[in-house]
Novice: 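I'd like to ask you about the structure that follows.
Throughout, a chain's letter reflects where its sequence line sits, starting with A, and its residues are numbered from 1. Computation of the quantities below employed the complete heavy-atom set of this structure, encompassing side-chain atoms and omitting hydrogens, waters and symmetry-equivalent molecules.
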Amino acid sequence: MADTIKETATAVIEMQFVDGDTRKLTLKYPKAEIETSEITALNAYLQANNLLIGDKSGATFGKIKTVTRVSKTTRELDLT
Amino acid sequence: MADKTSLILHYTDPLAKNGTTSITYVNPNADDAKLKTLTQMLNNLTINTYVSTDKVETTDITNAVSKTTPTFTIGDATGTLQSGKVISYTYNGDGEVYLRIPDTGNILTYKLNSTEKTVTVYGVQMGQRVTLNLYATGTETYLEATTSKSFDFMN
């Protein structure tokens, strides 16, 4: 029997609001390749439609600050 | 109005399991269709299958206080009264007190004094029975209430 290898990934979107407050949104099972254009479109949509507010003072959405794809590999050793 | 509005994105993951992602601190005045589109755009960054979107509004009830039933009664003995007699009522709440006017057939006028808590009835006919129906509005502290009493007027 071989070791068991698992790969999991998340995409963490860090957003910034006009009062300087930041907030993270985590998506499970992100695509292998997220295009910059997709994030640009998402950012534009959020800015144009005032959909999200800051959690400290209800501040207006500023922009998407960063998008990070986090991969985790676990290797469970075969002990047999 | 809710204190906090959130979205729940429902999806099916590659292992065919149901999953959710919460999007918190949503603008409560935002258009629902645009909020739905937002969750679909977020889901399109994943390999999950979009199922549905819920909007959740929550209210902070940490400081909620049970509302009290106010004391609301019309005083003065039943019996015969005269037109122009001042009838007092008791109300210990902080709502507004109104008179509910029944259809009595002839025209009566009611003067409500909310400071001294009295009602004065004018224009009654001899031997007329008049029923006072008072209504107090509900407030943050007090429940709404009604009270009623009938009087026979001498004239």
Side-chain angles (χ1 to χ4, degrees), chain A residues 4-72 74, chain B residues 1-65 67 138-141:
Chain A
T4 310
I5 300 171
K6 280 188 188 147
E7 301 255 0
T8 55
T10 56
V12 180
I13 302 171
E14 191 181 14
M15 302 177 288
Q16 188 164 51
F17 297 83
V18 299
D19 64 348
D21 192 25
T22 58
R23 187 158 85 236
K24 287 181 181 164
L25 173 63
T26 304
L27 298 174
K28 289 184 194 158
Y29 290 104
K31 296 200 293 198
E33 299 285 340
I34 294 175
E35 303 286 326
T36 308
S37 59
E38 291 179 283
I39 301 302
T40 307
L42 177 65
N43 189 45
Y45 195 71
L46 286 169
Q47 287 176 336
N49 295 296
N50 197 22
L51 301 176
L52 301 178
I53 56 177
D55 53 80
K56 282 211 176 73
S57 58
T60 312
F61 177 80
K63 62 173 185 184
I64 292 175
K65 203 172 156 194
T66 62
V67 177
T68 310
R69 198 171 186 287
V70 181
S71 291
K72 186 168 85 173
T74 59
Chain B
M1 192 151 192
D3 293 316
K4 186 174 135 179
T5 309
S6 312
L7 297 174
I8 302 179
L9 159 62
H10 294 269
Y11 60 81
T12 317
D13 72 19
L15 303 174
K17 272 170 57 183
N18 292 331
T20 59
T21 298
S22 293
I23 296 120
T24 56
Y25 292 97
V26 169
N27 180 356
N29 300 316
D31 179 67
D32 284 355
K34 296 208 163 92
L35 291 173
K36 179 202 68 179
T37 302
L38 170 63
T39 62
Q40 289 176 320
M41 284 174 86
L42 288 168
N43 193 67
N44 286 342
L45 302 177
T46 71
I47 56 173
N48 300 317
T49 308
Y50 172 82
V51 173
S52 62
T53 306
D54 288 329
K55 185 168 89 169
V56 179
E57 297 187 352
T58 59
T59 308
D60 183 353
I61 58 167
T62 310
N63 297 317
V65 178
K67 290 190 186 185
T139 63
E140 281 195 1
T141 328

Novice: Please report the interatomic distance CG(B/Leu42) to CG(A/Leu46), rounded to the nearest 0.5 Å.
Specialist: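 Rounded to the nearest 0.5 Å, the CG-CG separation comes out at 7.5 Å.
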Novice: With heavy-atom distances below 4.5 Å as the criterion, would you say the side chains of B/Leu45 and A/Ile13 are in contact?
Specialist: yes
Novice: Checking B/Asn44 against chain A: side chain, backbone, both or neither under 4.5 Å from a heavy atom?
Specialist: backbone
Novice: Could you tell me which residues in residues 53-60 of chain A have at least one non-hydrogen atom under 4.5 Å from a non-hydrogen atom of chain B, sorted by residue number?
Specialist: A/Ile53, A/Gly54, A/Asp55
Novice: Using non-hydrogen atoms and a 4.5 Å limit, figure out which bit of B/Thr24 sits close to chain A: side chain, backbone, both or neither.
Specialist: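 Answer is both: backbone and side chain atoms of B/Thr24 are under 4.5 Å from chain A.
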Novice: Hey, could you give me the CE/CD1 distance between B/Met41 and A/Ile39, rounded to the nearest 0.5 Å?
Specialist: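 One gets 9.0 Å once the value is rounded to the nearest 0.5 Å.
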Novice: Counting only heavy atoms not in B/Lys67, do more than 12 sit closer than 6.0 Å to its NZ atom?
Specialist: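 For B/Lys67, atom NZ is crowded (more than 12 foreign heavy atoms under 6.0 Å).
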Novice: Just give me the residue among B/Asn43, B/Thr21, B/Thr37 that pairs up with chain A most often, heavy atom to heavy atom, under 4.5 Å.
Specialist: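 Looking at each of B/Asn43, B/Thr21, B/Thr37 in turn, B/Thr37 comes out on top.
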Novice: Can you confirm whether B/Leu15 is buried at CG, in the sense that more than 12 heavy atoms of other residues, nucleotides or ligands lie under 6.0 Å from that atom?
Specialist: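 Counting other residues, nucleotides and ligands, CG of B/Leu15 exceeds 12 neighbours.
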Novice: Is there any residue in residues 25-34 of chain A with a non-hydrogen atom under 4.5 Å from a non-hydrogen atom of chain B, and which ones are they?
Specialist: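 A/Leu25, A/Thr26, A/Leu27, A/Lys28, A/Tyr29, A/Pro30, A/Lys31, A/Ile34 fall under the 4.5 Å cut-off.
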Novice: Any non-hydrogen side-chain atom of A/Leu52 less than 4.5 Å from a side-chain atom of B/Asn27?
Specialist: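 Not touching, per the 4.5 Å side-chain cut-off.
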